[in-house]
Structures are given as C-alpha cells and as structure tokens.
Number of protein chains: 2
Amino acid sequence: MTDDRRAAGTPTLEDVARAAGVSRATVSRVINGVRNVDPVIQEAVRQAVSITGYTPNRAARSLVTRRADAVALVVSGAGIEPEAAEQAEGTGASGDGSSFTAQVFADPFFGRVVTGVVNYLRPRGMHPVLMFAESSRAREEVVAYLRQGSADGALIVSTHAEDPLPALIAEAGLAAVLFARPARPVPVSYVDLAHQDGARLAAEHLLGRGCRRTATISGPLDVPAGQARLTGFRDTMARHGHPYIPVVEGQFTQESGEAAMERLLAEHPDLDGVFAANDLMALGACHVLREHGRSVPGDVAVVGFDDSSAALACRPPLTTVRQPVEGMAAEMTRLLLDRLARPDGPVTSVIFEPELVVRGSA
Amino acid sequence: MTDDRRAAGTPTLEDVARAAGVSRATVSRVINGVRNVDPVIQEAVRQAVSITGYTPNRAARSLVTRRADAVALVVSGAGIEPEAAEQAEGTGASGDGSSFTAQVFADPFFGRVVTGVVNYLRPRGMHPVLMFAESSRAREEVVAYLRQGSADGALIVSTHAEDPLPALIAEAGLAAVLFARPARPVPVSYVDLAHQDGARLAAEHLLGRGCRRTATISGPLDVPAGQARLTGFRDTMARHGHPYIPVVEGQFTQESGEAAMERLLAEHPDLDGVFAANDLMALGACHVLREHGRSVPGDVAVVGFDDSSAALACRPPLTTVRQPVEGMAAEMTRLLLDRLARPDGPVTSVIFEPELVVRGSA
DNA sequence: CTGAAAGCGCTAACAT
DNA sequence: ATGTTAGCGCTTTCAG
C-alpha cells in the first residue's frame with residue numbers, strides 16, 4: 001500500500017505503460033493505431049488500458065498535434081450594429097424573443113443546418129462548438145477562438161449579406177467554409193443553392209396550374225438568396241409574358257409574410273397566385289388569405305420555398321421548393337474537413353439544385 | 001535578419017516576453033489579470049502582445065489548469081435501441097427526417113434551450129459543444145469526451161425517461177445538470193417546470209370559459225412531463241366535478257396530435273374543449289378540428305402547452321401554458337458553472353412556475 | 001519493432 | 001513585484 005500508486009487522479013499514459021510493462025511511446029502507438037507494434041504487445045497494452053480505465057487527455061494531445069479536433073459552427077449576423085449584443089444576463093431576461101440567438105432558432109432552417117453538420121461530424125468523432133457572431137465584438141471572439149486553436153476551422157452561416165466575418169477569417173488565414181455565397185467575393189469555399197432555378201420552378205408551377213395574376217413576397221433584398229429568388233421568379237414570369245409582377249419585400253419571418261400578404265391583397269385583390277420566398281412567409285400568407293375569405297389553393301395558389309417544417313405546419317400543406325439544407329450542411333462540413341486535411345487545396349463551391357415539392361397549396 | 005526571429009509560427013508567451021523585456025511568468029500574470037504587476041510593466045506587456053499579435057494557446061493552458069472552459073450540451077435520447085444510431089454518412093443520406101438529430105430539431109423546444117444556454121455562456125466567454133446521445137455507443141462517447149477533459153461538464157436534455165446517461169455521468173464522477181427531473185433518482189442537479197400546476201391552469205381556464213365536455217391529448221406517458229401534465233389536468237377536472245376525462249396519448253409531434261384529435265372526435269363528437277400537452281399537438285388538433293367543421297374556439301376551445309413558436313404559427317394563435325424554456329436553460333447552465341466552481345456544492349433543483357398565456361384558441 | 005528523450009505553450013510554486 | 005523552474009500528458013524524432 002505504500003507503493004507509488006499515486007493519487008486517484010485519472011490515469012495517464014505513464015500508468016498504462018507501467019501496467020503493460022512497456023514504454024509510453026509504445027502505448028501511444030497502440031492507441032493511435034500506428035502500425036509496427038507486435039500484436040502480443042498490442043494486446044497487453046489494450047488490457048492495461050481497460051484495467052486502468054485510461055482515457056487520453058485531449059489538451060495534452062492537442063498541444064503536440066496542434067489540432068483541436070473540433071470545429072466551430074458559427075451563426076453570423078448583420079454587420080451593422082456595433083456593439084448591440086450585450087444581452088442582459090441569462091436567468092432573468094430570457095425568453096426575450098428579440099435576442100439574436102432566439103430569433104435565429106425561431107427559424108427551422110438552423111435546426112436543419114445543425115442536423116446536417118452533426119450527422120457528418122459524428123461518425124468522425126467530432127462535435128461542433130456553437131457560436132454566434134452578431135456584433136463586431138462577437139466576431140473578434142470567434143477569430144480569437146480559432147486562433148487559440150480551440151477549433152480547427154469554422155462553418156459559417158450568415159443571416160445577412162455584407163457579413164464581415166468571412167473576410168476577417170480569411171485575412172487571419174483561418175480555415176472556413178460558408179453556407180451561401182458571400183455578397184462580396186472572399187477566398188473561402190462555400191455551398192449554395194441554385195436559388196434562381198428554384199424560383200423558376202415555382203413560377204412554372206404557378207403558370208402551369210393556370211395562374212395569371214401572380215405576386216411575390218420576396219426575402220430581404222440585401223440577402224443574395226432573397227435577391228436571387230426574386231430575380232428568378234420575375235425572369236421566368238417575364239419570359240412567359242408577364243413582365244410586371246407585384247412584389248412586397250418580407251424578412252423571412254411569418255409575421256412579415258402576413259404583413260406583405262395584407263398589402264398585396266389590398267393592392268391586387270384579384271390575384272390568383274403567390275410565391276413566397278420562404279415557407280414561414282408562405283405560412284403567414286396563407287393565414288391572411290383565409291382571413292380574407294380566400295381559399296388556398298382554390299382562389300389563390302401559394303408556393304413557398306425551403307420545404308421546412310413550416311410547410312407541413314400549414315393547412316393545406318405547402319407546395320414548396322425544396323432546399324436540401326441537411327445535405328448542404330453536410331457537404332459544407334466535408335469541405336471544411338477536406339481543407340483541414342489539405343490546407344493548400346483549392347477554394348471550391350458546390351451548388352445544389354432545388355426541387356419542387358407539390359403538396360396542397362398550389 | 002539572422003537573429004532568432006523564428007519561423008512565422010504563431011507567437012508564444014516566450015515571444016511576447018522577449019518583446020516586452022520581461023519573463024514569461026510576468027506576461028502570463030498580465031494576461032490572466034493576476035494582480036501585483038507594476039502598471040508600467042503591464043502596459044509594456046500589452047504593447048508587446050498587440051505588436052506580436054499574441055493569442056494564448058488553449059491546449060497548453062488547459063493542460064495545466066485542467067479546465068477546458070467548455071461545456072457539452074447533450075441531447076439524450078431513448079435508452080432502448082442498443083446500437084441503432086449509425087446513421088448513413090453525411091452528404092447523401094441527409095434530409096432523412098427520421099434521423100435522431102433531425103427529429104430533435106424539428107421541435108422548437110430545442111432551439112429555445114440552445115438560446116438560453118448560449119445567452120448565459122457567452123458573456124462568460126464560453127461556448128457549448130453540441131452532442132447527441134441516442135445510442136449506448138453515443139453515450140459512451142459523451143462520457144469519454146468529458147473524461148478526456150474536452151469539456152468541463154454536461155448540460156443534459158433527455159427526450160425520454162429512463163435515459164441512462166445521467167446515471168452514467170454521475171457514476172463517472174463527472175459534472176452535469178439536467179433539464180427535467182430524471183425518472184429514477186440520480187444525484188445530479190436539475191431544473192424543471194411545475195408541470196402539474198401548468199395543467200391545472202389549463203383546466204381552470206377551460207372550465208372558466210364554460211367548457212363542460214373536455215378531453216386531453218397527453219404527451220408520451222413514459223416521460224415524467226407527459227405524465228405530470230395529464231395528472232394535473234385530470235386532478236383539477238376531478239376536483240371540479242369531472243371525474244372522467246377522455247384521453248388519447250400523443251408523442252409531442254404535430255402528426256400525433258392530429259391522429260389523437262381524430263380519435264377523440266370520433267369517440268366524443270360533442271366535446272367542447274381540448275387540452276393538448278404541447279403546442280405542436282395543439283396545432284395538429286386545430287387543423288383536424290377545422291377539417292371537421294368545428295370552429296376554434298367557437299365550437300371547441302383548445303389550450304396548448306409550452307408557448308413555443310408553434311403557438312403563433314396557429315390560427316387562431318394558441319392559448320397556452322408558458323414554459324420559460326430559455327430561462328430554465330440559462331439557470332441549468334448557471335447551476336453547472338456553479339458546480340464547476342465549487343465541486344462539493346450541494347445537488348439542487350430549481351422548479352419554475354408556468355404561466356397561462358391567453359390568446360385566441362381558448 | 002521498441003525505448004529514451006525532447007519538447008508542445010502554458011501556469012504555478014517557489015525563490016528572490 | 002518579478003524571475004526561475006518544474007512540470008501538465010502527450011507525440012515524435014532518433015537511437016538502438
């Protein structure tokens with residue numbers, strides 16, 4: 001009992017080595033699956049590992065490998081407000097629907113991104129660190145976090161165009177991949193959707209079912225995706241003989257969709273089709289239409305965009321343009337891991353094709 | 001140019017020390033805000049830091065402090081399926097709505113938890129690592145992750161009762177706090193809601209507006225919260241002279257809410273009030289009611305639970321029992337950080353009171 | 001194929 | 001108040 005069995009502190013490589021009667025180096029090799037280890041010794045080491053209940057210390061390993069084996073998943077917001085973020089503490093002031101994080105997660109979109117990222121990361125033994133970057137201070141923190149080596153790279157999802165984060169990251173020489181093409185070119189890989197094609201699909205569907213007086217509720221026009229969906233819809237309509245399409249700008253929220261629909265209905269009471277740039281707004285539009293006595297799709301056909309959970313929360317369920325968010329998020333993750341493995345690899349972009357999902361609303 | 005300015009590798013404490021003409025220790029003190037440092041030197045060090053562009057290396061620091069300054073946020077699933085998780089890779093197979101992660105984030109509840117956790121953590125310079133633990137293998141990984149010191153503790157949100165994770169964590173002597181009381185007692189702190197009180201509020205409201213033939217769509221009965229909400233509703237009704245209340249069990253999903261409402265309507269066509277154990281099910285119920293020509297709240301009053309985003313996605317907006325999820329999540333986080341600061345502190349629980357939110361559906 | 005030894009960058013006694 | 005000195009636990013040349 002007086003032997004050197006040290007304090008119960010978690011066992012280290014040293015302990016395992018002693019138990020197995022080999023050197024630390026050998027244990028390390030076995031654990032990391034490096035070849036050139038005598039099978040007999042390998043077995044002995046494994047025994048020792050399970051007897052001692054050894055678990056490698058991540059910090060020690062990271063210190064020498066210079067890899068954190070973690071990636072940051074950052075939701076990056078507007079670039080405007082300088083220091084707006086300092087949300088009141090946690091406990092009391094929560095539930096505050098106006099906080100950036102709360103707003104972000106109110107949109108089913110982000111849950112899908114998380115799903116895709118996690119599904120790709122997990123089989124590889126990695127997990128995302130969730131960060132938000134809606135103020136310049138928060139952005140600095142993200143950069144610092146990466147520079148500290150707390151994460152090997154970043155998956156960035158911007159909610160607004162002109163997001164300065166991608167550029168900051170690129171300048172700092174840090175690894176990152178974006179969800180959606182940045183407003184101004186930055187040497188960083190990204191995944192994106194062929195938004196215009198999606199909008200074209202919606203337009204053609206509306207046209208195909210006979211709508212002749214369609215309008216659209218666009219997304220925020222300072223967001224590339226919002227812009228592209230509008231352009232795609234307008235262009236297609238124009239090409240089919242409808243050069244003028246009423247449009248009201250929304251903010252991708254249900255509420256803004258309701259407001260937009262009210263205006264559209266007031267100004268164009270005879271419309272027979274609506275394309276909303278996302279499902280949340282389409283849902284809002286449906287509510288307003290019904291309140292005004294218009295049946296969907298009988299009087300007015302409605303097409304959404306995204307195929308998010310909101311599409312099924314709607315009655316009738318929304319006909320919508322599917323954006324394969326989970327797949328895109330997984331691909332984004334794959335690109336990042338690739339980049340980490342080959343830092344000099346090329347900057348690439350992967351564009352996904354949308355798909356029309358026909359349900360009840362149009 | 002032949003001096004020892006080493007390769008451009010990120011600067012270390014050593015570099016800063018040299019630049020400032022002091023020792024590593026002093027720089028460390030300044031950086032960590034340890035007092036007893038000459039103001040003049042402090043300034044010099046700060047200069048040197050910004051000149052060199054120094055950022056402390058997290059791994060090195062963690063190695064000696066034995067703190068990761070990170071916490072895991074783990075969503076823990078059923079305890080049944082042994083090895084069910086191995087989801088197909090990322091890229092292709094995604095969008096698979098049946099994956100655990102996808103299901104989890106389809107519920108607005110989790111976004112709110114994330115919001116609360118992040119809001120509390122951020123001002124403290126910490127970020128959550130997102131993990132899922134729906135299989136025994138995944139649970140092992142979570143335990144290993146914590147034992148490795150990759151995170152200092154875990155915030156656990158179980159989707160099912162009988163979740164073995166809390167016990168595993170406790171046995172391993174790891175720090176954790178739970179969202180919701182575990183089915184079987186485990187020496188771990190938790191936050192929870194007074195579910196029965198919430199259900200009582202719902203019952204009284206229905207009674208107050210004159211409903212005499214109410215039914216309820218319960219949550220899964222193997223979940224304590226599901227059980228408690230049912231009990232609370234039934235007891236209150238019984239106390240007011242309604243000893244028999246029709247109940248159909250749901251699964252907290254919109255779909256199950258629809259199915260349950262169909263059954264209820266078939267068996268009790270004359271009902272005038274429904275209490276659904278969460279908003280998603282209430283939303284489904286409203287849809288079905290309308291399809292059957294029943295107006296809400298005119299013919300049938302509907303009360304939900306949670307006050308999630310689904311409550312506002314419904315027309316009319318749902319009268320519901322508010323569960324302050326963000327605040328609860330923040331408190332859970334506070335408890336964990338407390339525990340980390342004082343490992344011998346007592347195991348505690350904090351129970352939040354629900355609140356009735358009256359909107360259009362009842 | 002295995003062991004010895006040298007750090008990775010930082011903090012924390014312990015001197016001074 | 002500052003500097004010196006040990007390591008934290010691990011991987012990785014480099015010898016053998």
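Every chain is numbered from 1, with letters handed out A, B, ... down the list of sequences.
Residue B:Thr65 has no polar side-chain atom (N or O) positioned under 4.0 Å from OP1 or OP2 of C:dT11. One finds no side-chain N or O of B:Ser23 lying less than 4.0 angstrom from the OP1 or OP2 phosphate oxygen of D:dT2. A close approach under 4.0 Å does occur between a side-chain nitrogen or oxygen of A:Asn36 and OP1 or OP2 of C:dC1.
The pair A:Glu134-B:Arg122 counts as a salt bridge, with a side-chain nitrogen and a carboxylate oxygen less than 4.0 angstrom apart. Using a 4.0 Å cut-off between charged nitrogen and carboxylate oxygen, A:Glu331 and A:Arg334 count as a salt-bridge pair.
Of the candidates C:dG3, C:dA5, D:dG7, C:dG3 carries the atom nearest the A:Thr26 side chain, counting heavy atoms from C-beta on. Side chain of B:Leu63, nearest nucleotide from D:dT2, D:dC8, C:dG3: D:dC8. Here C:dG7 is the nucleotide among C:dG7, D:dG3, C:dT11 with the atom lying nearest to any side-chain atom of A:Arg24. Here the side chain of B:Asp38 is nearest to one of C:dT11, D:dA1, D:dG9, namely D:dA1. Closest to the side chain of B:Thr12, from the set C:dT11, D:dT11, C:dC10, is C:dC10.
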From CA spacing to verdict: side chain to side chain contact (heavy atoms under 4.5 Å, CB included), B:Arg124, B:Leu337: CA-CA 10 Å; B:Arg124 291 162 181 79; B:Leu337 264 39; 3.7 Å; yes
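Heavy atoms only, all atoms of each residue included: B:Ala170 and B:Val188 are closest at CB-CG2, 4.0 Å. Closest approach of A:Leu146 and A:Ala154 over heavy atoms only: CD1-CB, 3.9 Å.
Atom pair A:Arg58:CZ and D:dC10:P shows a separation of 13 Å (rounding to whole Å applied). Atom-to-atom, CD1 of B:Ile41 to P of D:dT2 comes out at 4 Å; the value is rounded to the nearest Å. Atom CD of A:Glu14 is separated from atom P of D:dC10 by 10 Å (rounded to the nearest Å). Summarising the geometry, the separation between CG on B:Leu13 and P on C:dC10 is reported as 4 Å, rounded to the nearest angstrom. Atom pair B:Asn32:CG and C:dG9:C1' shows a separation of 13 Å (rounding to whole Å applied). Between the P atom of D:dG9 and the OH atom of A:Tyr54 lies a distance of 10 Å, rounded to the nearest Å. Atom P of nucleotide D:dG9 and atom CG of B:Asn57 are separated by 17 Å, given to the nearest angstrom.
Toward the 5' end of DNA chain D, the nearer of the two residues B:Arg66 and A:Val34, judged by each one's closest nucleotide, is B:Arg66.
In this structure, B:Arg29 reaches the bases: a heavy-atom distance under 4.0 Å links it to at least one base atom across the strands shown.
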